[in-house]
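The model shown is predicted, which means the values in this text are computed figures rather than measured ones. So that the names make sense, note that chain A is the first sequence line, chain B the second, and so on, each numbered from 1.
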2 protein chains.
Amino acid sequence: MAIFLRDVEVSETLSMDQMIEKIESMQSYYGNGEASNLPRRKIISSGGMLAVMGGGLFYEGVLGVKTYTVVKGQYSFQVSLYDAETGKLLCYTQANRLGQLRTGATTAVAAKYLTHNPDVTVGIIGTGYQAATQLEAVSKVRNITNIKAFSRTESSRKLFAENMSDALQVPVTAGASAEETVRNSDIIICIAATMEPVINGEWLADGSTLIAAGPTTWRAKEVDSLTLTRSEKIVVDSIDQAPNESGDLSNAVDQG
Amino acid sequence: MAIFLRDVEVSETLSMDQMIEKIESMQSYYGNGEASNLPRRKIISSGGMLAVMGGGLFYEGVLGVKTYTVVKGQYSFQVSLYDAETGKLLCYTQANRLGQLRTGATTAVAAKYLTHNPDVTVGIIGTGYQAATQLEAVSKVRNITNIKAFSRTESSRKLFAENMSDALQVPVTAGASAEETVRNSDIIICIAATMEPVINGEWLADGSTLIAAGPTTWRAKEVDSLTLTRSEKIVVDSIDQAPNESGDLSNAVDQG
């Protein structure tokens, strides 16, 4: 008999630490060809869209499908998990919370392997649905000494800064601008999914690490081309999927 | 709140007549570009596979995803249905029964539009999981006067013939061979999903209609090349999907 879960039950049973451990091992197995990814596909309707993606963790004996709708900016995620050895449905779950944890954990794994110092300052661009779990996740792998947060609406970023100060027990302030937020940060998280770049490559300090986690479409751009040309290393979670889904990279590829 | 259904509830609430009506209208809208199809994709694991496909019926305001596993020849289907206007999950259902009804109904729509006589004789190759609903569906759109059924195992085809005689109140006999089953039938249904052809084009009577409903992979072959070259018309339900999923057609395309 399959288990059916709602977001509240996912929140109660799954911690960010557990998710980071799972994402870290998954990326390692995936890099070795022991996991499989079905890249996202979308059906666009007049009112919104439906997206479908899937994957297999052969080393854990599970296969899964994620579906979600986006209508008027509202997302609704579901995941079906199957036993690869029996074909049985193990679990069907709301996956809004799961997606927040997963996206955050992916950023944490990036921070863990792409930065060196144990103590870091963090700048985050975007204070929406995915932002809090980004910071929570990084706080699990690095000692964050200070956070600046920026988004277009002043009241939003101020509220976010207050809430995150309380939640993480770290000084979080609302940045006056994207530039001020980016300059002097060791780790910059971009979770804005904007169509126009919000990061100017000139702002980045030497040795800083930019984690662009937002876009899922080639039309999006979070960072400008200078950001990419200034980068010593560009690391993606999926070589197959990045050129299609990371607008920052697909635009760069188009421009040669 | 979404509805969760099991196969038994689908069986109790959805009739073959209703499904034929839905498939008929869907094919019409799909032909006019008012429905969308995400072709099947598969993740192959050591023990089996997971398949995912999706679709949108824009004229009904719904979007859906179908997932299924195949392990050791056992299928397990699920469907998620969403409201395209709100993005809300409407229904998550076991879809084994739904798939039988849908595949049968598609054959019925083919029989309705591709054959002319009200009274028909039917030959069916394959007496497995999808066979009974194929005959039930055709019986809804044509007056079947006689049925011959063939499959590799004599006891299977005899049992199938007995059961279907009772169910449809039509004379159903087990054919002695594929050839005998095909010759003199007005409608031939192939639901065997074999890797080697079971239909020889020489056997087909002039004016007969062959409905090949089995394969979902380019590796499969149900009919030989003579069957295709003898055909006056070849009709498919999806121009996009047929060349990849109907092994009969993809092999023919490869051979020019």
Side-chain angles (χ1 to χ4, degrees), chain A residues 1-7 34-96, chain B residues 1-7 34-96:
Chain A
M1 181 64 192
I3 298 170
F4 292 81
L5 299 176
R6 292 162 301 165
D7 282 323
E34 292 170 74
S36 167
N37 180 42
L38 284 184
R40 190 184 333 246
R41 289 186 303 175
K42 298 172 182 174
I43 300 176
I44 311 294
S45 70
S46 60
M49 58 160 267
L50 172 68
V52 192
M53 56 250 254
L57 305 183
F58 304 136
Y59 57 96
E60 291 208 342
V62 291
L63 303 168
V65 171
K66 181 169 178 172
T67 56
Y68 66 93
T69 53
V70 189
V71 173
K72 298 184 182 78
Q74 292 293 306
Y75 288 73
S76 172
F77 293 89
Q78 289 82 25
V79 162
S80 310
L81 186 72
Y82 296 87
D83 184 321
E85 298 308 312
T86 66
K88 290 218 170 111
L89 179 68
L90 297 171
C91 178
Y92 184 73
T93 179
Q94 275 193 318
N96 303 291
Chain B
M1 180 64 192
I3 299 170
F4 292 81
L5 299 176
R6 292 164 301 165
D7 282 323
E34 292 170 73
S36 167
N37 180 41
L38 284 185
R40 188 185 333 247
R41 286 188 307 176
K42 298 171 181 175
I43 300 175
I44 311 294
S45 70
S46 61
M49 58 160 266
L50 172 68
V52 192
M53 55 250 254
L57 305 183
F58 304 135
Y59 56 96
E60 291 208 343
V62 291
L63 303 169
V65 171
K66 181 169 179 173
T67 56
Y68 66 94
T69 53
V70 189
V71 173
K72 299 184 182 79
Q74 292 293 306
Y75 288 74
S76 173
F77 293 89
Q78 289 82 25
V79 162
S80 309
L81 186 73
Y82 296 87
D83 184 321
E85 298 309 312
T86 66
K88 290 219 170 110
L89 179 68
L90 297 172
C91 178
Y92 184 74
T93 178
Q94 275 193 318
N96 303 291

Please report, to 0.1 Å, the donor-acceptor pairs under 3.5 Å made by any side chain of residues 86-94 of chain B, with sequence neighbours excluded.
from: B:T86; atom 1: OG1; to: B:K88; atom 2: N; distance (Å): 3.1
from: B:T93; atom 1: OG1; to: B:L5; atom 2: O; distance (Å): 3.4
from: B:Q94; atom 1: OE1; to: B:D7; atom 2: N; distance (Å): 2.9

Using a 3.5 Å cut-off and no angle test, enumerate the donor-acceptor pairs between side-chain atoms of residues 45-55 of chain A and protein atoms at least two apart in sequence or in another chain.
from: A:S45; atom 1: OG; to: A:G48; atom 2: N; distance (Å): 3.4
from: A:S45; atom 1: OG; to: A:G48; atom 2: O; distance (Å): 3.3

Quick one: closest heavy-atom pair of A:S36 and B:I43, and the distance? OG-CG2, 3.7 Å

Sort A:E85 into side chain, backbone, both or neither according to what part of it lies under 4.5 angstrom from a heavy atom of chain B. both

Specify which of B:D83, B:L63, B:N37 makes the most heavy-atom pairs with chain A at under 4.5 Å. B:L63

What do you reckon, is CD of B:E34 surrounded by more than 12 foreign heavy atoms closer than 6.0 Å? yes

So, do B:Y82 and A:V71 sit near enough that their side-chain heavy atoms are less than 4.5 Å apart? no

Nearest atoms (heavy-atom pairs only) where A:F58 meets B:I44: CZ-O, 3.5 Å

